[in-house]
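Notes follow once the structure below has been shown.
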2 protein chains.
Amino acid sequence: MNLNQLELLRLLRETDYNLSKAAEKMHVVQSAVSRQLQLLEAELGSPVFERHGKRLLGLTPLGEHIMREVEQIHQAKKNIQSMADDFRANRNGTLHIATTHTQAKYLLPVPVQKFRRQYPGVKIYMLQSSPDNLIDLLHQHRADIAICTEKLAEDDRLILKPCYRWHHVAVVPQDHPLTGGDVTLQRLAAEPILTYSPGFTGRSAIEKAFHDAELQPDIILAAADSDVIKTYVRLGLGVGIIAETSYEPGKDSDLVALDLSRLIATSVTKIAYLKQLYLPSYCRYFIDALLEQAQLKHLGHCSGQ
Amino acid sequence: MNLNQLELLRLLRETDYNLSKAAEKMHVVQSAVSRQLQLLEAELGSPVFERHGKRLLGLTPLGEHIMREVEQIHQAKKNIQSMADDFRANRNGTLHIATTHTQAKYLLPVPVQKFRRQYPGVKIYMLQSSPDNLIDLLHQHRADIAICTEKLAEDDRLILKPCYRWHHVAVVPQDHPLTGGDVTLQRLAAEPILTYSPGFTGRSAIEKAFHDAELQPDIILAAADSDVIKTYVRLGLGVGIIAETSYEPGKDSDLVALDLSRLIATSVTKIAYLKQLYLPSYCRYFIDALLEQAQLKHLGHCSGQ
DNA sequence: CGACGTTACGAATCGCGTAAGAATA
DNA sequence: TATTCTTACGCGATTCGTAACGTCG
């Protein structure tokens, strides 16, 4: 048994159990992998793949079990390489960040700039996705860290770092009736609402607030990001409910933001990454920069709490 | 990087960083491992071991990090081999059981016999140890499963299976004053007590019971197993407090067992094994036999609860 | 000096590529 | 027939063992 053989198993699953394609990915000819597979199965003493004649169809039960260990080994191997690169003070590499529009636009710009200055050789890939996919991206090893608010349920394979706490605001044109008097859920429920798509940026907290008050909000438009929402609020379609951080006092001065922190539960945005993943120092640096930025934002809004 | 090189790292740590001894363990000459280590360090690009001149002294910080992954890989590799052996219906192997005297003597005999009949080719190693060591034995890979009652605190690397619930009894000679009237903690505290050494077989529950009642038991003898305790009870030294399962109605008919289940909290004996360890089918069979036996014992004492 | 690690060199092994053959869809 | 996998064979690379050489305590 050797690492290449185990890598072959991984690639065979990736390629839908096609020896030729796996061979290509390993940069060797097909006959080579054929023999390696035979050698491995001979060594193990029982087949790893289901076959119809010569064709591979899938994994045997043994193969399924083995695959889990193979993934472990693959991860550990990559970690060792990352560690070595890191200790060699290798300032090249790539940082894959999975996040949503809201965070990418309103939280990340400053940390990313700071990061670029510190690590000009590290490339940054921003994987924008819907919140439900962020964790999957981690598990699929397509992202190193994820930044999101929703859908971070119990998963003991993840490390979670609370980043910052925020609340929702209602945004309306300056002459809107809601700007007079106290805002209540009842008054909101009477208006047409524009807010995030289900699963995005604290939408579940919004729904819970109305549901607990036994109200049925009239959500006439749901979008993945606050820019779209604000655009339609400006067109007079109704009341927007967005994250406080998405209201920019400068650019959005034509809109009024009404604090909803006492009506809708506050949300916590977190940083998540795989427990089993080795984070290179540049990655830890980015996380620190992010936490620092979140701290600043938070202080700015809470006046020094 | 290959598996042999990583195995070499493991062996180097095991041999106190001695290339010659590691070479011996790998069944190759010393010069071979010297070169393999050089190749690996060259590939990683920075040293894994601290050196004084040519001698290896220990791990570099990088080496420490790498070792964790190496252990992971080693475990996964062993798992793959176990799996293959298992699916090949290999009925040979070894079962390492870490446990205490109490369990080895009163719980395990029947399951072990049953196991021997089912898997005559599998060797059984019984590692008797004090309860605090049982978990360590698992982590040191010197035992596959551990059976114990105390000291199984939160450890997310372990799988825990509750096995059976039992309580303590007081054992006294037949003419002892305690045999008359209700047994209370107060009356027990007035007697010289013989029981388990700290850390053994529910001793902590005994201490807690007296402590909660603000009593100070007079423990004049502490031993690791109930046989020793019973011996001294027979000599009239005092009242023995032992596990109910350690009182054998046949052999111990010269002693009287007094139920303490309402005075001292019941204990739960558990089976523990490493989450990351693959358990061969014979191992799972043994666990099942154990649970079944525990069930029987339990029913026997509780008359069909 | 003795234990330990490194370097040099030839030999055995391992694994690859080419090429041809067999089986499946 | 086209695709996929297996087998045969020769070559090159890797890794080993022997042996001689540093080096540290």
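These numbers come from the heavy atoms of this one structure, side chains and all, not from hydrogens, waters or symmetry mates. Since the structure is predicted, the reported quantities are computational estimates derived from the model, not experimental observations. Letters go in sequence order (proteins before strands), and every chain restarts at 1.
Donor-acceptor pairing under 3.5 Å, judged by distance alone, is absent between the side chain of B:Arg35 and the base of C:dT6. Judged by atom type and distance alone, B:Ser31 reaches the base of D:dT18 through a side-chain donor-acceptor pair under 3.5 Å.
In this structure, B:Glu24 places its CD atom 13 Å from P of C:dA3, rounding to the nearest Å. In this structure, A:Arg51 places its CZ atom 13 Å from P of C:dT24, rounding to the nearest Å. The distance between atom CG of B:Leu19 and atom P of C:dT7, rounded to the nearest whole Å, is 12 Å. Atom CE in B:Met1 sits roughly 16 Å away from atom P in D:dT14 (whole-Å rounding). Atom NE2 in B:His52 sits about 14 Å away from atom P in C:dG5, given to the nearest Å. Atoms NE2 (A:His27) and P (D:dA13) sit 19 Å apart, rounded to a whole Å. Atom CD of B:Gln36 and atom P of D:dC16 are 5 Å apart (whole Å). We find that CG of B:Leu57 is positioned 12 Å from P of D:dC24, with the value rounded to whole Å.
The A:Asn2 side chain lies nearest to C:dG15 when the options are D:dC16, C:dG15, D:dT15. Of the candidates D:dG17, C:dT6, D:dT4, D:dG17 carries the atom nearest the B:Ala32 side chain, counting heavy atoms from C-beta on.
Within 6.0 Å of the NZ atom in A:Lys161, the count of heavy atoms belonging to other residues, nucleotides or ligands does not exceed 12. By the 6.0 Å contact criterion, NZ on A:Lys105 is enclosed, its count of non-hydrogen atoms from other residues, nucleotides or ligands being greater than 12.
Counting non-hydrogen atoms under 4.0 angstrom, A:Gln30 reaches a base of the nucleic acid. The residue B:Asn18 sits close only to the backbone: its heavy atoms come under 4.0 Å of sugar-phosphate atoms, none of a base. At a threshold of 4.0 angstrom between heavy atoms, the contacts of A:Tyr17 are confined to the sugar-phosphate backbone, with no base atom among them. Contacts of B:Asn4 with the nucleic acid, taken as non-hydrogen atoms under 4.0 Å apart, are absent. Nucleic acid contact class of A:Val29 (heavy atoms, under 4.0 Å, all strands): base.
Applying the side chain to side chain contact (heavy atoms under 4.5 Å, CB included) test between A:Asp86 and each of A:Gln81, A:Arg284, A:Arg91 identifies A:Arg284 as the sole match. Under the side chain to side chain contact (heavy atoms under 4.5 Å, CB included) test applied with A:Val70, the options A:Arg10, A:Gln5, A:His65 reduce to a single match, A:Arg10. Screening A:Gln75, A:His74, A:Glu71 for a side chain to side chain donor-acceptor pair (under 3.5 Å) with A:His141, the sole residue that qualifies is A:Gln75.
Remark on DNA chain C: of its neighbouring residues A:Val28 and A:Arg55, the 5'-side contact belongs to A:Val28, judged by nearest-heavy-atom nucleotide. Both A:Lys54 and B:Leu56 lie near DNA chain C, and the one whose nearest nucleotide falls closer to the 5' end is B:Leu56.
Look at B:Ser34 and you'll find a side-chain N or O under 4.0 angstrom from OP1 or OP2 of C:dT6. A sub-4.0 Å separation between OP1 or OP2 of C:dG5 and a side-chain N or O of B:Ser20 is present.
Under the 30°/60° scheme for interplanar angles, the aromatic rings of B:Tyr125 and B:His96 are found to lie parallel.
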